[in-house]
Amino acid sequence: MTTTSSSQPSPQVPSLCVRSAAVVLCLLLGVTSSGWAGQSKDPAKNPAALYALIEGTVWDANNQPFYGAKVSIRLAGQKKAHWDRISDHRGEFAQRVPAGKADYIVTAEIPAEGGKSKKGKGPAVEVAVHVEAEERVDASLHLK
């Protein structure tokens, strides 16, 4: 019984390896050129990623951070607030708003018992904030 063994590999093996390497290379180049998970690097094509941040601090009459103030943010020229926040233990609040030129009115007031605000009864203050683009804008509200 004679057996012959070939020292040359099968011609399919190198072509399979070359094709696999080419596919992996194409996938890697495709992911790095277009971004991860289909996200575009062009901001105009991915508007969900564009926002500005309005953040600030509410201060009491003694210039101490005020915890629990109701903070409302609305577009200038509108009466109804689009966003409501409560200041934290450091008197701070933050809200994302759409990027782009816009004027906002930030209002802080002391909530009454049961969470209702003391409109007209307690100190309230309004501050105008201008957003130019995708940026962070700080506001300081001093209750009287």
Side-chain angles (χ1 to χ4, degrees), residues 5-144:
S5 65
S6 174
S7 62
Q8 295 180 357
S10 168
Q12 293 177 349
V13 173
S15 64
L16 181 61
C17 290
V18 170
R19 272 189 261 153
S20 297
V23 168
V24 169
L25 184 60
C26 288
L27 287 173
L28 286 175
L29 289 175
V31 166
T32 56
S33 66
S34 66
W36 293 102
Q39 292 178 349
S40 173
K41 292 182 182 180
D42 181 13
K45 293 181 181 177
N46 194 7
L50 298 177
Y51 64 89
L53 181 68
I54 296 175
E55 69 175 14
T57 306
V58 180
W59 304 94
D60 67 10
N62 299 322
N63 288 329
Q64 297 296 317
F66 189 85
Y67 168 69
K70 179 185 176 191
V71 178
S72 301
I73 302 172
R74 63 183 165 86
L75 283 166
Q78 295 186 355
K79 292 183 179 183
K80 186 175 180 180
H82 287 280
W83 302 278
D84 289 318
R85 291 280 175 247
I86 302 294
S87 61
D88 65 11
H89 288 286
R90 294 180 293 192
E92 298 174 348
F93 65 92
Q95 176 61 51
R96 288 181 180 180
V97 296
K101 287 187 178 185
D103 291 315
Y104 295 92
I105 304 297
V106 181
T107 305
E109 53 190 306
I110 300 172
E113 305 280 330
K116 300 285 184 180
S117 64
K118 294 182 179 179
K119 240 182 188 152
K121 295 182 183 177
V125 64
E126 288 187 350
V127 173
V129 174
H130 178 73
V131 173
E132 193 64 36
E134 185 178 352
E135 62 188 341
R136 184 182 99 176
V137 180
D138 294 320
S140 184
L141 296 110
H142 294 268
L143 298 171
K144 297 175 183 175

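Counting from 1, the numbers follow the sequence of the chain as shown. Just so it is clear, the structure is predicted and the values come from calculations on it, not from any experiment.
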Between the side chain of D60 and the main-chain N/O of N62, is any donor-acceptor distance below 3.5 Å?
yes

Do R96 and Y51 meet the cation-pi criteria used here (NZ or CZ under 6.0 Å from the six-membered ring centre, within 45° of the axis)?
yes

Minimal heavy-atom distance between P65 and G91, with the atoms involved, is CB-N, 3.9 Å

Please examine the side chains of F66 and I110, heavy atoms only from C-beta on, and report whether any two atoms are closer than 4.5 Å.
yes

L141 side chain near W59 side chain, heavy-atom distance below 4.5 Å:
no

What is the distance from atom CD of E92 to atom CD1 of I86, rounded to the nearest 0.5 Å?
15.0 Å

Taking the basic N atoms (NZ, or NE/NH1/NH2) and the acidic carboxylate oxygens, is any pair closer than 4.0 Å for R85 and E55?
no

In Å, rounded to the nearest 0.5 Å, how long is the span from CG of L50 to CD of E134?
5.0 Å

Enter the distance from H142:NE2 to N63:CG here, rounded to the nearest 0.5 Å.
6.0 Å

Show the nearest heavy-atom pair for residues Q95 and I73, with the distance to one decimal.
CB-CD1, 3.6 Å

T57 to R90 - nearest heavy-atom pair and separation
CG2-O, 3.7 Å

Looking at every heavy atom in both A108 and L143, which two are closest together, and how far apart are they?
O-CD2, 3.7 Å

Between S87 and G68, is there a donor-acceptor pair closer than 3.5 Å when you use the side chain of the first and the backbone of the second?
yes

Over all atoms of both residues, closest heavy-atom pair of R74 and E126
NH2-OE2, 3.3 Å

The reported gap from CG in D103 to CG in L75 (rounded to nearest 0.5 angstrom) is 9.0 Å

Starting at CZ of F93, measure out to CG of D88 and round the result to the nearest 0.5 Å.
10.5 Å

Could you tell me whether the side chain of K144 reaches within less than 4.5 Å of the side chain of V125, counting heavy atoms only?
no

Contacts of H130 meeting ring pair (Phe, Tyr, Trp, His ring centres under 6.0 Å) (sequence neighbours excluded), chain-then-number -> none

Taking every non-hydrogen atom, the tightest pair across A139 and V129:
CB-CG2, 4.1 Å

